[in-house]
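Below you'll find the structure, written out as structure tokens, and then a few comments.
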Amino acid sequence: MNNPFKYSRDNKRYHTLAYHNKSLGIKSHKASIDAGLSCPNIDGTVSKGGCIFCDGSGGYFTDKTLSIKEQLDKEIERIRKKVSDAKITAYFQSNTNTYCSLTKLQSMIDVCLEDERVSFISLGTRPDCIDDEKLKLLKKASELKPITLELGLQTSNDNTALIINRGYKYETFKNAALKIKEQGIRLCVHLITGLPGETADDMVNTARDVALIKPDAVKIHLMHVIKGTALHKMYEDGLYTPLSFYEYIDAAVRMLEVLPAETVIERITGDGDKNKLIAPLWSRDKIRVLGSIDKLMAERNTYQSRLYLQDSEKECIIE
Ligand code: SF4
């Protein structure tokens with residue numbers, strides 16, 4: 001069967017990161033950096049304890065006792081042992097990487113700007129930790145090296161946000177996301193399928209809301225129960241049931257259908273620490289998950305953005 005999706009050179013019916021990188025001639029690998037910052041949802045500023053699925057560990061290779069420069073050296077050595085000509089994205093992954101003073105943020109960025117081995121910069125953060133001053137700083141830096149801001153939205157449903165203790169409303173996300181786009185900074189939005197109490201329709205609604213913002217990239221995660229988290233306790237108490245394999249595949253395909261074709265899907269499986277994963281254990285088989293998404297999309301003769309156009313006319317403004 002012919003693949004009707006335009007941003008693909010194979011059987012993928014969604015805009016993969018591999019396709020995107022190849023189109024731009026990029027071979028970029030992420031060097032995980034821990035800047036030693038906290039999160040307002042953990043330290044009591046917004047809430048204590050954090051999101052119910054979060055164990056606050058961030059990247060797997062990071063060592064926050066080292067300076068940012070030392071972490072970069074270590075990570076680049078690890079990456080280039082495998083791919084000698086890899087371009088490097090400095091990825092500030094742990095906790096909230098704009099939850100700091102302007103001076104600290106500038107110093108984090110400066111290390112990356114000064115290091116010739118670093119081609120791209122990516123910062124994971126929360127929408128309530130981005131203000132105009134920080135955006136101005138990041139915009140200026142992004143004129144020297146491309147910067148991506150990664151916002152962990154997870155869901156646009158404010159009731160679910162309360163259950164997962166996210167600590168901000170959808171409107172806060174929407175306004176921050178639109179401002180990031182307005183500044184020309186690359187935006188990647190993280191979504192989670194299988195949050196407590198959510199149906200497949202809720203997950204598709206979140207994707208529809210996000211589609212109106214036209215993010216440059218989206219990461220679709222599967223809700224993992226990670227050892228020691230509040231969600232782990234809910235799971236043990238019988239208060240949370242993870243998605244089944246087929247529920248996940250179906251939800252992921254339906255979410256892809258409503259996202260814009262240009263939005264790069266940077267991730268579509270869970271990628272947690274396997275040693276801490278409690279459930280669902282089927283998620284360990286990433287090849288089966290990815291293959292089943294391709295198969296279901298072909299069976300339904302669908303593709304990313306097939307149901308997007310009908311919504312794209314709606315206006316999305318900062319409120
Ligand atoms: S915002 Fe991020 S770092 Fe903070 S508690 Fe939630 S998941 Fe963890």
Side-chain angles (χ1 to χ4, degrees), residues 30 32-64 68 71 90-100 104-105 108 122-131 134 148-177 180 187-198 203 206 210 215 217-235 240 242 266-267 269-273 276-278 283:
K30 281 186 169 163
S32 289
I33 310 293
D34 187 332
L37 302 179
S38 182
C39 170
N41 209 23
I42 293 175
D43 71 7
T45 303
V46 170
S47 164
K48 270 206 156 70
C51 304
I52 60 169
F53 49 80
C54 176
D55 72 350
S57 61
Y60 315 125
F61 308 110
T62 51
D63 177 355
K64 65 179 169 192
I68 292 173
Q71 290 182 57
Y91 184 24
F92 293 90
Q93 186 175 10
S94 304
N95 291 324
T96 300
N97 292 287
T98 55
Y99 185 46
C100 57
K104 169 71 181 171
L105 183 61
M108 288 158 57
S122 194
L123 298 117
T125 189
R126 291 169 56 91
D128 56 358
C129 293
I130 298 278
D131 57 28
K134 284 174 182 158
T148 300
L149 277 174
E150 304 206 13
L151 297 184
L153 171 67
Q154 332 308 2
T155 176
S156 63
N157 184 317
D158 281 339
N159 292 328
T160 311
L162 281 177
I163 296 171
I164 64 172
N165 195 38
R166 188 182 64 192
Y168 64 81
K169 292 197 165 179
Y170 177 66
E171 193 177 311
T172 304
F173 162 82
K174 190 180 86 173
N175 290 340
I180 290 168
L187 171 68
C188 176
V189 181
H190 291 230
L191 307 177
I192 300 184
T193 57
L195 291 168
E198 289 217 334
M203 300 170 215
T206 290
V210 166
V218 158
K219 289 185 180 174
I220 299 177
H221 301 272
L222 163 69
M223 186 74 276
H224 278 158
V225 180
I226 298 296
K227 199 173 181 177
T229 59
L231 186 67
H232 183 192
K233 173 88 173 62
M234 281 172 72
Y235 175 70
Y240 175 68
E266 289 201 0
R267 186 173 299 284
T269 52
D271 198 24
D273 184 341
K276 293 185 190 167
L277 178 68
I278 302 292
S283 67

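For ligands, and for the atoms within them, numbers begin at 1 and follow the listed sequence.
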Close-contact set for ligand 1 against Ile42 heavy atoms, below 4.0 Å: 5 (S)
I'd like to know if Arg166 pairs up with Asp158 as an ion pair, taking the criterion as any Lys NZ or Arg NE/NH1/NH2 lying under 4.0 Å from an Asp or Glu carboxylate oxygen. yes
Just wondering, do Phe173 and Val189 contact through their side chains at under 4.5 Å, heavy atoms? yes
Any heavy-atom pair between the side chains of Leu153 and Leu191 that's under 4.5 Å? yes
What's the shortest distance from atom 8 (Fe) of ligand 1 to any protein heavy atom, and which residue and atom give it? Cys54 SG, 2.3 Å
Give a yes-or-no answer on whether the side chains of Asp43 and Thr45 include a donor-acceptor pair shorter than 3.5 Å. yes
Closest approach of any protein heavy atom to atom 4 (Fe) of ligand 1, naming residue and atom: Cys39 SG, 2.3 Å
With heavy-atom distances below 4.5 Å as the criterion, would you say the side chains of Met223 and Phe53 are in contact? yes
Tell me which protein heavy atom sits closest to atom 1 (S) of ligand 1, plus the residue, atom name and distance to 0.1 Å. Arg126 NH1, 3.3 Å
I'd like to check which ligand 1 atoms, numbered from 1 as shown, lie under 4.0 Å from a non-hydrogen atom of Asn95. 3 (S)
For Gly50, counting its heavy atoms only, list the atoms of ligand 1 lying under 4.0 Å from any of them. 5 (S)
Judged by heavy atoms only, the candidate from Ser94, Pro127, Cys51, Ser47 nearest atom 5 (S) of ligand 1 is Cys51
Assess whether a salt bridge exists between Lys30 and Glu150, defined as any Lys/Arg side-chain N lying under 4.0 Å from an Asp/Glu carboxylate O. yes
